[in-house]
Amino acid sequence: MDFRLIEDKWQRYWDEHLDIFCADINSTKEKKYILVEFPYPSGSGLHVGHAFSFTGSDVYARFKRMQGYNVLFPMGWDAFGLPTENYAIKSKRKPQDVTKENTEMFKSQMKRLAYSFDWNREINTTDPNYYRWTQWIFIQLFNKGLAYKKEMPINWCPSCKIGLANEEVIDNKCERCGNEVERRNISQWVVKITEYADKLVEGLDKTDFIEKVKQAQINWIGKSEGARVGFKIKDSKEKLEVFTTRPDTLYGVTFMVIAPEHKLALSLGENNEEIKNYLKEARKKSEMERTELNKEKTGVFSGVYAINPINNKEIPIWISDFVLSGYGTGAIMSVPAHDERDFAFAKKFNLEIIPVIKPEFISMDVIEKNVFSTEKDKKREELKQIKLNKLLKGEEPYVEAIGELFNSEDWNGLRVPEKFDVILEWLKNKGIGEKTSTYHLRDWIFSRQHYWGEPIPMIYCKKDGWQPVPEKELPVLLPEVEAYEPTEDGKSPLSKIKEFVNCKCPLCGGDAQRETDTMPNWAGSDWYYLAYCVADKLKSNKLNDIDGDIFSNSQRELKKWCPVDVYVGGDEHNTLHLLYSRFIYQFLYDIGVIPKEVPEPYYKRMSHGVILGSDNQRMSKSKGNVIVPETVADVYGVDVIRMYLMFMGPFDGTMAWNEKTLMGVKRFLERFKNLIDDVIDEINWSTFAQNTENEYPQIKVVVNKKIDKITKEIEHFSYNTAIASMMELLNEIREMRSNPEYSFVREGVDNKVFVLNLKRVKDIVRLIAPFAPYTAEELWYAIWMKENNKSEIDASYESIHVQEWPDIEKEYLVGDKIMLAVAVNGKVREQLEISSEKVRDEKDVLMRAKSLKKLSIWLMGKKIVKEIYVPGKMVNFVLEG
RNA sequence: GCCGCUGUGGUGAAAUUGGUAUACACGCCAGACUUAAAAUCUUGUGGUAGCAAUACCGUGUGGGUUCGAUUCCCGCCAGCGGCACCA
């Protein structure tokens, strides 16, 4: 196959001329930072999903480079993580060695697929020069009080023997291995991302993420506004604080519920068997079991009463696991008349129900359709009354909770939720409650009991408590160990290494112990887009010779490249990686190490789609539907697979692999190549200078229109239509060439006329360069040899990939003739050809349209009521009747 | 339940601010070349009726706005993704 020879040739050439694709900090050209999520270098190599997102990003980067931007398009390795560790355990090899092998494999596969990454900026999260700064960031978090150690129930995977963040648990199963997750109490490092909840929402305004991504983040953070209300506990000095979004229903509170993990519950459980048992049962249940929907409510009376601050009524306090300890205050005030869960609980345990809101809003779907509007109003009134009666009898709750308050003393007659502000003000003045907000977002568990991650740079001293490792001593190197398995009690294998664990307290110099947990694999990816900007410093620095931190020392680089202009990635990272890394960035910004001009790390987020197997199922080894890009490239060539991936469908869509469609792209590339080869043959190179003018006038418009269209389509990542446009262009040119009217006259005859002249040919080759870099380079080279009368490449050759994107000759965007659709009553009946100068002449166009022969059938004997002309598009005659 | 998205031929999918629905490609039908097949090339290809010109219908569904709606508005139906005992 000769494509393989061509690929090898140009790969070598590009490797030798790496600067073609490197970003230059000294360039005065406008910068574009194009980022694609870096891969985890697994042992199975680059899969087609990688190929898809990388190709899409690469096309954009190449396009922007040709448009004259100073493009930063880097690549690196997110190499810490479990698969490598598990592989190391199984094969008894060092994770370091395995990682090195895998990254080398990935890199060579990427090079073959012609990704134009700036390899000078390659980074690796497992490189001590890299994770030194991951550790440094952690120390800053600790110093600012945003990282703390906490004994907390975590999701424990018994198979991986690791604690998981909530985000890593799906359906109560471990995200990685699929095993059931248990709950366990372990002392963990926790990062206070909740402190940044509001900032993370507000910051979205400074980005150009699509609505989907913004919404996903906002939902994940899940802010709800309401009030914090304090309830006195009877015969005690203690207070029970609750959070509620409906302080207006305070008169309807008939009991309170606290979570089994609540302080009060725990202390009451100490000397009450029934409570003790309930707490024990609750602890056994997994988060999943506890939050399962429609589950029968369970609970136990605490034996203690609270005082409702608004009317001094005594209300019982219950303990139930439907209240979550991690949300709000872990305690709720229950208003069974207006909340479904409270209602279910009240019914089960026979508790009092006091309605306080008169039903007003009745969902439309309960009212039958095709009822007249006056009847509808009547019906609505009836329903309201029925609802009220049921409510008063305690038969069902009114969960919409919109309407007038009653049973509420001073507040009677107030319409809620409109009058929330009045009520909040009232509560504040009486010292009962305060306006506040709560979030669904939880603090981020940052400890992993594993080997293959960044050591957490902390030291525990009995005297001084937790102390960060002095910054000068970073990185805390990951030591080599004998065995990589976590210990049976769930500790990191690092805990077995005495030389690592035992150290001196940085404060008092006494004996102390190192933290043996490592960081989650999000840690390294939180700042990798910054690392690319300073990659040369990461590399050139000896470990401890920097004064201050790398960010403060790189303001020029950060100012130059940040923010990321386009960030291409998968939707699965919209809430996790994207939120975590925005948090870390905002934190670094707040401590002043990031240039003030750049408050957010990513400007635009581009979602890439998913490629399914040819059976329309997600690709997986067990299904045997995996497509390996390299294998496809072996058969069809790299350009074919690149172009096919981009042609399959919209870049952010979900598409199934289809080998047959791939043939269409293959044919296109072959026809394209043949056409250019033919034209190169036809040009008389001894007098080629003349050829720039000698061509059919029609071709000017055809090519210019397509350049214009394709440019816009690539800009919008609409690659499938951009390729379709190229196919159209090729089809049109081929049609013209086969038309005897246009056939060119070979040299030796006076009137040499070409369908395509040299300029057009060059433009067309440039158009496919981002998609098919090998084919484009080969054709460009063929032209160069002819033009310069060379037989082999030399230093004067300039790659197609540093050429300028074809410019558009605006004067040739419109042909001299335009076809208009002529419609009668909105239905197209005829076509009208007009000359382009007449486009604006409405009178003339309408007159011509009216006099069209075919139209007389439709217009005869009818009166035209209205005549509409959309310039350049269509004419419409509206008839009477 | 809440949030976001999608619905167009046999298939993947196109369609600037409302302006000729189905571009491009696959597949299929027929033809050319060939002993034959593959490859390549040419033509056709939404549905119904008709020899045909042509007509009518047609973008999940029912309405509405408009000279004109795949596009805008309202109500349904179906599917996808995310969140979910979050007080």
Side-chain angles (χ1 to χ4, degrees), chain A residues 210-220 222-224 226 242-246 249 256-257 290-295 297 320-324 326-335 338-342 344-345 364-365 369 399 438-442 571-572 574-575 610 644 647-650 652-665 667-668 670-671 674 709 712-713 716 718 720-731 734 738 819-831 854 857 864-879:
Chain A
I210 52 167
E211 198 50 32
K212 181 169 90 170
V213 178
K214 284 190 181 180
Q215 275 307 324
Q217 296 215 353
I218 290 168
N219 288 347
W220 189 268
K223 181 175 186 169
S224 38
V242 300
F243 171 77
T244 176
T245 53
R246 296 305 298 261
T249 59
M256 304 192 71
V257 188
R290 283 182 56 174
T291 59
E292 208 175 329
L293 273 157
N294 303 325
K295 188 199 64 175
K297 296 267 183 294
S320 173
D321 64 7
F322 85 84
V323 174
L324 306 175
Y327 185 74
T329 61
I332 61 162
M333 57 176 230
S334 279
V335 187
H338 302 292
D339 182 280
E340 225 163 344
R341 292 153 305 164
D342 294 350
F345 196 81
M364 283 306 286
D365 53 343
K369 283 173 208 164
V399 268
T438 328
Y439 305 87
H440 292 189
L441 185 72
R442 311 285 173 88
D571 282 341
E572 69 274 21
N574 284 349
T575 44
V610 181
Y644 169 60
F647 184 61
M648 289 174 87
D652 56 359
T654 307
M655 296 138 301
W657 183 264
N658 180 349
E659 200 101 358
K660 276 186 177 162
T661 310
L662 186 140
M663 292 304 295
V665 174
R667 281 181 208 135
F668 163 71
E670 266 157 22
R671 287 195 280 238
N674 291 341
K709 189 153 179 262
K712 284 174 184 153
E713 283 165 335
H716 295 109
S718 187
N720 54 334
T721 58
I723 292 170
S725 300
M726 289 178 200
M727 290 172 167
E728 277 170 5
L729 177 59
L730 179 71
N731 291 346
R734 275 162 54 97
S738 66
M819 291 300 273
L820 295 178
V822 182
V824 178
N825 283 338
K827 286 195 178 168
V828 177
R829 300 296 180 186
E830 228 330 19
Q831 303 285 323
K854 259 194 198 162
I857 310 164
I864 297 173
V865 211
K866 204 170 178 182
E867 296 175 357
I868 294 150
Y869 174 53
V870 185
K873 289 269 165 69
M874 73 177 312
V875 174
N876 188 15
F877 296 113
V878 185
L879 303 182

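Note that the structure is predicted; figures quoted are calculated from it, not measured. Here is the naming used below: chain letters follow the sequence lines, and residue numbers restart at 1 for every chain.
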*Toward the 5' end of RNA chain B, by each residue's nearest nucleotide, A:G328 or A:T575*: A:T575
*Rounding to a whole Å, what distance do you find between A:H716:NE2 and B:A14:P?*
15 Å
_For a quick test of reading the model: is some side-chain N or O of A:N720 closer than 4.0 Å to OP1 or OP2 of B:A14?_
yes
*Aromatic plane relationship, A:F322 with A:F345 - under 30° parallel, 30 to 60° tilted, over 60° perpendicular*: tilted
*Shortest non-hydrogen contact from A:A344 to A:K297?*
CB-CG, 4.4 Å
*Within a strict 4.5 Å, meaning less than it, do heavy atoms of the A:Y327 and A:T329 side chains meet?*
no
*A:K223 NZ to B:C3 C1': how many Å, rounded?*
18 Å
_Give me the stems containing RNA chain B, sorted by first residue, counting only three or more consecutive Watson-Crick or G-U pairs with both distances under 3.5 Å; say none if there aren't any._
B:1-7 with B:77-83, B:10-12 with B:24-26, B:30-32 with B:40-42, B:46-49 with B:54-57, B:60-64 with B:72-76
_Proximity to the side chain of A:R829 - top-ranked nucleotide from B:C56, B:A25, B:A87_ = B:C56
_Roughly how many Å apart are B:G64 and B:G82, using the P atom of each and rounding to a whole number?_
38 Å
*Backbone N/O of A:L879 and side chain of A:N825: donor-acceptor pair under 3.5 Å*: yes
*B:G50 versus B:G4 - spacing of their C1' atoms, nearest Å*: 49 Å
*If you look at every strand shown and take non-hydrogen atoms under 4.0 Å, does A:K827 touch a base, only sugar-phosphate, or nothing?*
sugar-phosphate
*Select base, sugar-phosphate, or nothing to describe what A:E340 touches, counting heavy atoms under 4.0 Å on all strands.*
nothing
*Please tell me which of the listed nucleotides, B:C24, B:A13, B:A87, lies nearest to the side chain of A:E728?*
B:C24
*Starting at CD of A:E830 and ending at P of B:A55, how long is that distance when rounded to a whole Å?*
10 Å
*Using the P atom on both, measure B:U71 against B:U59 and round to a whole Å.*
9 Å
*Sticking with atom P, work out how far B:G79 lies from B:U70, rounded to a whole angstrom.*
25 Å
*Using atom P of each nucleotide, how far apart are B:A69 and B:C77 to the nearest Å?*
26 Å
*With RNA chain B as reference, determine whether A:K873 or A:F877 sits nearer its 5' end, using the nearest nucleotide of each.*
A:K873
*For the pair made of NE2 in A:H338 and P in B:C85, what is the distance, rounded to whole Å?*
23 Å
*Between atom CG in A:N219 and atom P in B:C5, what is the gap in whole Å?*
12 Å
Distances under 3.5 Å only, N/O to N/O: pair up the protein atoms with those of nucleotides 49-52 of chain B.
none

_Rounded interatomic separation in angstrom, taking CD1 from A:I857 and C1' from B:A55_ = 12 Å
*Within this structure, what is the CG-to-C1' distance between A:D652 and B:U6, rounded to whole angstrom?*
12 Å
*Could you give the CD-to-P distance, from A:Q831 to B:U54, as a whole number of Å?*
12 Å
*Report the distance from atom CE of A:M726 to atom CG of A:L730, rounding to the nearest 0.5 Å.*
11.0 Å
*asked:* With a cut-off of less than 4.0 Å, is there a side-chain N or O of A:N731 near OP1 or OP2 of B:A25?
replied: yes
*Go through B:A14, B:G4, B:A87 for me and flag the one nearest to the A:Q215 side chain.*
B:G4
*Phosphate contact (B:C85 OP1 or OP2) by A:S320 side-chain N/O below 4.0 Å*: no
_Taking the minimum atom-to-atom distance to the side chain of A:I868, which one of B:U20, B:C67, B:C85 wins?_
B:C67
_Atom CD of residue position A:Q831 - does it have more than 12 heavy atoms of other residues, nucleotides or ligands inside 6.0 Å?_
yes
*State, to 0.1 Å, how close A:A821 and A:V828 come at their nearest heavy-atom pair, and which atoms those are.*
CB-CG1, 4.1 Å
_Nearest listed nucleotide, side chain of A:R341, among B:A87, B:C57, B:U17_ = B:A87
_Counting the atoms with a prime plus P, OP1 and OP2 as sugar-phosphate, which does A:M727 contact under 4.0 Å by heavy atoms, base, sugar-phosphate, or nothing?_
sugar-phosphate
*Could you work out the separation of B:G9 and B:A21 based on their C1' atoms and round it to a whole Å?*
11 Å
*What is the glycosidic conformation of B:G58: syn, defined as within 90° of 0, or anti?*
anti
*So, does A:Y644 use its side chain to make a donor-acceptor pair with the main chain of A:N658 at under 3.5 Å?*
yes
*Looking only at atom C1', what distance separates B:G44 and B:G31, rounded to whole Å?*
11 Å
_From the set B:C83, B:U20, B:A87, return the single nucleotide nearest to any side-chain atom of A:Y327._
B:A87
*Kindly indicate whether the side chain of A:V335, heavy atoms from C-beta on, has any atom under 4.5 Å from the side chain of A:R246.*
no
*Determine, step by step, whether A:T249 and A:D339 satisfy the side chain to side chain contact (heavy atoms under 4.5 Å, CB included) criterion, reporting the C-alpha distance in whole Å, the side-chain angles of both residues, the deciding distance to 0.1 Å, and the verdict.*
CA-CA 10 Å; A:T249 59; A:D339 182 280; over 6 Å; no
*For residues A:V399 and A:E340, report the shortest heavy-atom separation together with the two atoms involved.*
CG1-N, 3.5 Å
_Separation between the P atoms of B:G27 and B:U11, rounded to whole Å_ = 15 Å
When you compare the protein's N or O atoms with those of nucleotides 26-31 of chain B, which come within less than 3.5 Å of each other, and at what distance?
unit_1	atom_1	unit_2	atom_2	d
B:C26	OP1	A:R667	NH1	2.4

*Testing A:E713, A:K709, A:K712 for side-chain hydrogen bond (donor to acceptor under 3.5 Å, both in side chains) with A:T721, which one passes?*
A:E713
*asked:* Base of B:C3, side chain of A:K212 - is there a donor-acceptor contact under 3.5 Å?
replied: no
*Is A:D571 paired with A:K212 through a side-chain N to carboxylate O contact shorter than 4.0 Å?*
yes
*What pair of heavy atoms forms the shortest contact from A:M874 to A:L820, and how long is it?*
N-CD2, 4.1 Å
*If we only count heavy atoms from C-beta on, is the A:I868 to A:V875 side-chain gap below 4.5 Å?*
no
_Which nucleotide in B:G68, B:U20, B:A87 has an atom nearest any side-chain atom of A:N876_ = B:G68
